[in-house]
Amino acid sequence: MKAGYRSSLVRTVCFALAYAAACYAGRRLVLVGNHNLAWPAAGVAVVWFCAHRRAPTRHLDMALLTLILGVTNWRTGTSAAVGAVAGLVGLVQALVFLRLWRRRSPHLWGAGGTEPLRSPRDLWDLLRTGFTATIAASVVSLVGRGLVTGSFPVTVTAMSVARHTASILIIGSAGICAGAALSRRAAGRRRAPVAPRRIAEIAGIGTLSIALHVAVFAYEPQFPVSFALLGISVLVGVRLATPWVLLHNLVISVVALRYTLLGYGPFAHVGDVPLRAVVVQLFVTLVALVGLALALGREERNMLLNALAQEKDLLTAIIDAMPDGLAVIGPDDRVTVRNPAVAGMLGADPARLRALAEQDTAGADIVVNRPGEPESRIVHVTATALPHPDGTHSAVVLFHDVTAERRHRDELTSFAGVVAHDLLNPLTSVDGWTSAAMESLEDAPDHPSVGEAYTDLTRVTRSSARMRGLIDGLLAYATTREATVTPAPVDLAEVAADIALARTDAAVAAGDPAPRFTIGALPPVRADQVLVRQLLDNLIGNAVKYTAPGVIPVVRITAEDDDGMVAVRIVDNGIGIPPGQHEAIFGNFHRAHAGGDYHGTGLGLTICKRIVERHGGTITAVDDPGGGSCFTFTLPPLSLAAGARPQVDA
């Protein structure tokens with residue numbers, strides 16, 4: 001026999017003996033008319049089946065429970081048929097409870113977990129599960145007794161519901177907590193030792209409660225006085241831990257049942273025997289519910305407070321470890337939170353923090369000069385208001401030291417300019433010597449070699465022009481990516497008209513058809529003057545360049561409001577954008593018409609997108625219904641405060 005099965009069999013025998021003793025005790029608690037005053041076997045059964053929910057002997061458990069309950073009822077005055085029905089009813093009740101318990105509270109002991117009752121919600125789940133299982137078993141009992149005896153004892157069934165529910169609540173809750181404690185001990189987790197002062201308090205409250213209950217039930221015949229004892233249960237629930245409350249519930253239940261059975265106490269004077277049994281069960285149920293609800297509620301509150309304290313400590317540790325500065329300014333201009341990084345960036349002066357928190361700041365750079373440091377720092381500041389229900393507000397201020405980033409950006413911009421200059425110098429020499437060679441070949445006599453050399457020099461000139469355009473594009477891209485944006489009022493209409501005039505003059509000088517421009521009402525915007533001019537020049541230049549041969553370019557420029565931003569549309573009658581490339585054209589070095597006679601570096605639209613994004617806007621490209629393309633970009637209006645929209649500097 002395997003060791004696991006042997007130990008399970010031993011536990012089955014122990015539970016069976018305990019269940020038999022509980023059945024016998026229940027049959028001994030009989031009032032006049034064969035009415036049981038209590039039925040502790042219901043609580044023992046649910047603890048038994050919860051402990052053995054996965055045991056290899058669980059089928060033997062079911063057989064023993066049915067046999068013990070049926071034989072006990074048969075040997076204490078009922079017929080064999082009624083005893084068989086009682087055994088089946090007890091099995092149904094235990095199985096229904098176990099299934100519902102596993103579904104409703106899988107984290108608790110007996111349902112798949114190892115936790116005891118932790119909160120009032122767990123208590124209500126236990127009460128609801130026990131009541132539901134008792135109702136299901138009572139229905140089976142009512143039907144079974146009706147089939148066997150021909151009568152339907154509704155009163156007896158109602159009393160059974162009260163007895164079994166109280167038993168599951170009192171004994172079941174104690175068994176669940178005891179099982180969880182044994183599981184913790186098996187896992188090596190032990191409770192902290194109880195202080196002597198606390199032991200004295202527990203003993204004093206317990207003795208006082210038991211003494212008062214014994215006094216009332218032994219000497220006081222007045223009915224309402226017993227319910228006043230619920231105040232003692234309140235004291236027990238408020239001051240004692242859950243295990244002591246469970247023990248208190250068991251002791252008080254024994255006191256109430258014992259004295260009522262002997263004819264003492266307030267409940268013994270209730271003339272109707274079934275009502276007397278129901279009142280007793282109601283009393284012990286209320287004692288258990290009041291004590292457990294208060295104790296579990298207190299323990300849940302303490303657990304939540306501990307968790308909150310741990311999260312607060314963790315949050316404080318995270319904030320203190322942040323390399324960026326964080327400060328919170330209260331409604332009274334008092335600095336309530338400040339991590340060490342703030343002092344490292346700004347010093348310990350709270351006046352500067354309060355000044356920064358006066359208004360929302362998005363993406364503002366400030367220069368900090370600290371004593372003892374030879375160079376100044378650049379700190380990126382973001383301040384966000386946190387409104388309160390009373391109309392006041394706090395402010396969260398974030399600080400990010402961008403000194404190294406700004407210096408690196410400036411160095412890259414300077415480097416790009418130097419590289420572009422150094423690369424353009426050799427190209428200038430190449431262009432000069434190529435032009436000189438071509439002029440010399442013009443005076444040479446006709447010869448196939450002369451024509452071939454002239455063709456090769458023409459190719460060199462074109463390659464040099466493409467190289468120059470690529471260098472200019474890379475320089476412009478580096479400038480738009482790294483240069484600082486300086487927002488200022490920009491007259492879009494004036495800039496667009498100037499660019500249109502320049503494009504017209506260039507087309508006439510080149511002998512091409514002069515493009516036709518229609519410029520609508522363009523409102524002023526708040527943007528960088530140089531970058532916006534470059535943005536419009538690139539888009540208008542593309543609209544003129546990407547036109548079919550022999551077609552006069554027609555460009556329409558309009559604007560409208562778009563959710564607080566100025567949306568500018570540039571519509572052309574060009575060759576359009578190939579399908580599926582309306583988003584890809586904004587990528588680096590992407591050329592939508594690489595195989596045609598339209599030359600470019602593939603950086604123009606990338607630069608446009610970068611400029612728009614640095615102003616907090618968006619840019620899109622779609623097909624125009626009349627043919628051609630429609631580019632739409634947004635910029636902040638002139639009425640928008642500087643810094644109201646964040647810039648993208650990544």
Side-chain angles (χ1 to χ4, degrees), residues 469-470 472-473 475-477 479-480 490-525 527-560 562 565-577 581-582 585-586 590-593 596-615 617-635:
L470 179 60
D472 290 340
L475 181 59
Y477 178 70
T479 302
T480 58
V490 178
D491 190 342
L492 283 181
E494 181 180 347
V495 175
D498 187 46
I499 294 174
L501 181 59
R503 290 291 175 178
T504 301
D505 293 341
V508 172
D512 296 329
R516 300 174 184 175
F517 291 94
T518 302
I519 301 177
L522 304 180
V525 296
D528 188 285
Q529 177 84 26
V530 176
L531 295 181
V532 168
R533 184 177 184 86
Q534 186 177 7
L535 168 67
L536 287 173
D537 188 60
N538 282 356
L539 293 176
I540 294 174
N542 284 348
V544 173
K545 180 172 68 173
Y546 291 99
T547 306
V551 177
I552 298 176
V554 177
V555 182
R556 301 190 308 275
I557 306 174
T558 59
E560 63 181 15
D562 181 15
M565 299 284 282
V566 175
V568 181
R569 288 186 174 84
I570 300 178
V571 183
D572 60 57
N573 64 335
I575 58 177
I577 303 171
Q581 300 190 38
H582 294 78
I585 57 176
F586 295 104
H590 182 86
R591 296 181 59 197
H593 303 283
D597 296 330
Y598 305 95
H599 303 292
T601 62
L603 285 172
L605 291 178
T606 305
I607 294 172
C608 293
K609 181 179 180 182
R610 185 64 187 173
I611 293 173
V612 172
E613 287 180 345
R614 297 202 69 190
H615 287 83
T618 59
I619 184 170
T620 58
V622 296
D623 295 329
D624 184 61
S629 306
C630 175
F631 285 82
T632 304
F633 64 88
T634 59
L635 292 174

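In this chain, residues are counted from 1 in sequence order.
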- request: Sequence neighbours left out, what pairs pass side-chain hydrogen bond (donor to acceptor under 3.5 Å, both in side chains) with at least one residue falling in residues 492-502?
  value: D498-R533
Nearest-0.5 Å distance that lies between atom CD in Q534 and atom CZ in R610: 13.0 Å
query: Taking it one step at a time, do I540 and I557 satisfy side chain to side chain contact (heavy atoms under 4.5 Å, CB included)?
result: CA-CA 9 Å; I540 294 174; I557 306 174; 3.7 Å; yes
For residues 506-520, which side-chain N or O atoms pair as donor and acceptor with protein atoms under 3.5 Å away, sequence neighbours left out?
none

query: Do you know which two heavy atoms are closest between A496 and L536, and how far apart they sit?
result: N-CD1, 4.3 Å
- request: In sequence, state the C-alpha distance, the side-chain angles, and the governing distance for V555 and R503, and then conclude on side chain to side chain contact (heavy atoms under 4.5 Å, CB included).
  value: CA-CA 11 Å; V555 182; R503 290 291 175 178; over 6 Å; no
- request: Return the minimal non-hydrogen interatomic distance between R569 and E560, and the atom names on each side.
  value: NH1-OE2, 2.7 Å
query: Among all residues two or more places apart in sequence or in another chain, which pass the side chain to side chain donor-acceptor pair (under 3.5 Å) test with D623?
result: H582
- request: Rounded to the nearest 0.5 Å, what's the gap from NE2 on H615 to CG on L531? Could you check?
  value: 5.5 Å
field: Test side chain to side chain contact (heavy atoms under 4.5 Å, CB included) applied to V525 - qualifying residues, sequence neighbours left out
entry: V490, L492, A527, V566, L635
query: Do N538 and F631 have side-chain heavy atoms sitting under 4.5 Å apart?
result: no
query: If you take all heavy atoms of A521 and A559, which pair is closest and at what distance?
result: O-CB, 4.0 Å
message: Any heavy-atom pair between the side chains of D491 and L522 that's under 4.5 Å?
response: no
query: So which pairs with a foot in residues 550-559 pass side-chain hydrogen bond (donor to acceptor under 3.5 Å, both in side chains), sequence neighbours left out?
result: none
Side-chain donor-acceptor contacts of residues 570-577 below 3.5 Å, not counting sequence neighbours, with atom names and distances?
unit_1: D572; atom_1: OD1; unit_2: G574; atom_2: N; d: 2.9
unit_1: D572; atom_1: OD1; unit_2: S629; atom_2: N; d: 3.0
unit_1: N573; atom_1: OD1; unit_2: V554; atom_2: N; d: 2.9
unit_1: N573; atom_1: ND2; unit_2: I552; atom_2: O; d: 3.1

- request: Check the pair T632 / T618 against side chain to side chain contact (heavy atoms under 4.5 Å, CB included), numbers first and verdict last.
  value: CA-CA 8 Å; T632 304; T618 59; over 6 Å; no
